[in-house]
Amino acid sequence: MESSSFYEHVYALVRLIPEGRVTSYGAIAKALDKEGAARQVGYAMANAGKAMPPVPAHRVLNSKGELSAKAAFGHPTLMQQLLENEGVVIENDRVVNLKSVFWDPLTEL
DNA sequence: AGTCTGACTGGAG
DNA sequence: TCTCCAGCCAGAC
């Protein structure tokens, strides 16, 4: 069933991210065999807010573990709190121990 | 069909 | 560790 658009594939993969874990736009793009389309993944997440079922977009960060999407959650600290609520430690808008909480769809899936 | 945009990435200074 | 630069691709107009 490849009738879905690129965005749909992104949403589906993001919904597979376990609680308390995070991944990067590039990792998702690569998992979809579109490594160079990391920006598109982020752009897709922008629509994730109105996507159904809801997508845990707060678990998707950039390759540096920065909360680059926090501004899109309505409140600058909402994304951070959602992650901390799942056990992810955030400091200065960045994930601490990124390596420990990073979820690579190519490896874990 | 052409142009613009962006929740990105990795390398260089 | 931080800032700056150029390359990337799918989607909206």
Side-chain angles (χ1 to χ4, degrees):
Chain A
M1 330 244 282
E2 322 310 334
S3 52
S4 301
S5 62
F6 177 74
Y7 286 21
E8 290 296 315
H9 289 289
V10 174
Y11 301 148
L13 186 52
V14 173
R15 284 193 279 255
L16 297 178
I17 303 175
E19 229 177 74
R21 305 292 292 281
V22 300
T23 192
S24 70
Y25 303 97
I28 294 172
K30 189 175 173 66
L32 295 177
D33 199 46
K34 302 285 187 212
E35 186 171 9
R39 307 184 73 162
Q40 255 43 253
V41 176
Y43 198 51
M45 301 316 297
N47 283 287
K50 64 187 184 73
M52 277 296 279
V55 178
H58 61 276
R59 294 179 189 147
V60 186
L61 319 173
N62 64 28
S63 64
K64 299 179 179 65
E66 300 174 315
L67 281 58
S68 51
K70 64 182 168 106
F73 281 76
H75 194 276
T77 61
L78 179 57
M79 184 179 185
Q80 176 175 331
Q81 301 193 21
L82 284 171
L83 288 169
E84 293 186 318
N85 187 46
E86 297 185 356
V88 180
V89 182
I90 311 294
E91 192 168 292
N92 202 20
D93 290 338
R94 289 182 226 169
V95 175
V96 180
N97 302 325
L98 176 63
K99 200 165 129 230
S100 303
V101 298
F102 191 78
W103 183 81
D104 185 348
L106 292 173
T107 301
E108 312 273 346
L109 207 52

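Residue numbers begin at 1 in each chain, while the letters A, B, ... track the order of the sequences.
- Note: CG (A:D33) to P (C:dC8) measures 17 Å, nearest angstrom.
- Distance, A:K70 NZ to B:dA7 C1': 12 Å, rounded to whole Å.
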If the sugar-phosphate is the primed atoms plus P, OP1 and OP2 and the base is the rest, what is the B/S/- string for nucleotides 8-13 of chain B, using protein heavy atoms under 4.0 Å? BSB---

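- Taking every heavy atom of both residues into account, A:L32 and A:V10 meet most closely at CD1-CG2, 3.6 Å.
- Side-chain atoms of A:R15 come within 3.5 Å of backbone atoms of A:P53 as a donor-acceptor pair (strictly under, hydrogens ignored).
- Atom CG of A:L82 is separated from atom C1' of B:dA7 by 15 Å (rounded to the nearest Å).
- When rounded to the nearest whole Å, the span between CG of A:N92 and P of C:dC2 equals 8 Å.
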For A:I90 and A:V95, run side-chain contact (heavy atoms from CB on, under 4.5 Å): C-alpha distance rounded to whole Å, both residues' side-chain angles, the deciding distance at 0.1 Å, then the answer. CA-CA 5 Å; A:I90 311 294; A:V95 175; 3.7 Å; yes

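- Side chain of A:Y11 to backbone of A:A44: a donor-acceptor contact under 3.5 angstrom is found.
- For A:M45 and B:dT5, the CE to P distance is 23 Å, given to the nearest whole Å.
- Rounded to whole Å, atom P of B:dA7 lies 15 Å from atom CD1 of A:I28.
- For DNA chain C, if you chain together Watson-Crick or G-U pairs that step i with j, i+1 with j-1 and so on, the runs of at least three with distances under 3.5 Å are B:2-6 with C:9-13, B:8-13 with C:2-7.
- Regarding A:L98, its CG atom lies at a distance of 12 Å from the P atom of C:dT1, rounded to whole Å.
- Nearest heavy-atom pair, A:R21 versus A:I17, reported as atom, atom and distance to 0.1 Å: O-CG2, 3.5 Å.
- In this structure, a donor-acceptor pair under 3.5 Å is present between the side chains of A:H58 and A:E86.
- Among the nucleotides C:dC2, C:dG11, B:dA7, the one closest to the side chain of A:R94 is C:dC2.
- Note on A:F102: it does not cluster hydrophobically with A:Y25, by side-chain heavy-atom contacts below 4.5 Å among ILVMFWY residues.
- In this structure, the side chain of A:R94 does not engage the main chain of A:E66 through any donor-acceptor pair within 3.5 Å.
- Contact annotation for A:A44: no contact, since no heavy-atom pair falls under 4.0 Å across all strands.
- In this structure, CG of A:L32 is placed 12 Å from P of C:dG11, rounded to the nearest angstrom.
- Under a hydrophobic-cluster definition in which Ile, Leu, Val, Met, Phe, Trp and Tyr are linked whenever side-chain heavy atoms come within less than 4.5 Å, directly or via other members, A:F73 and A:V88 are assigned to the same cluster.
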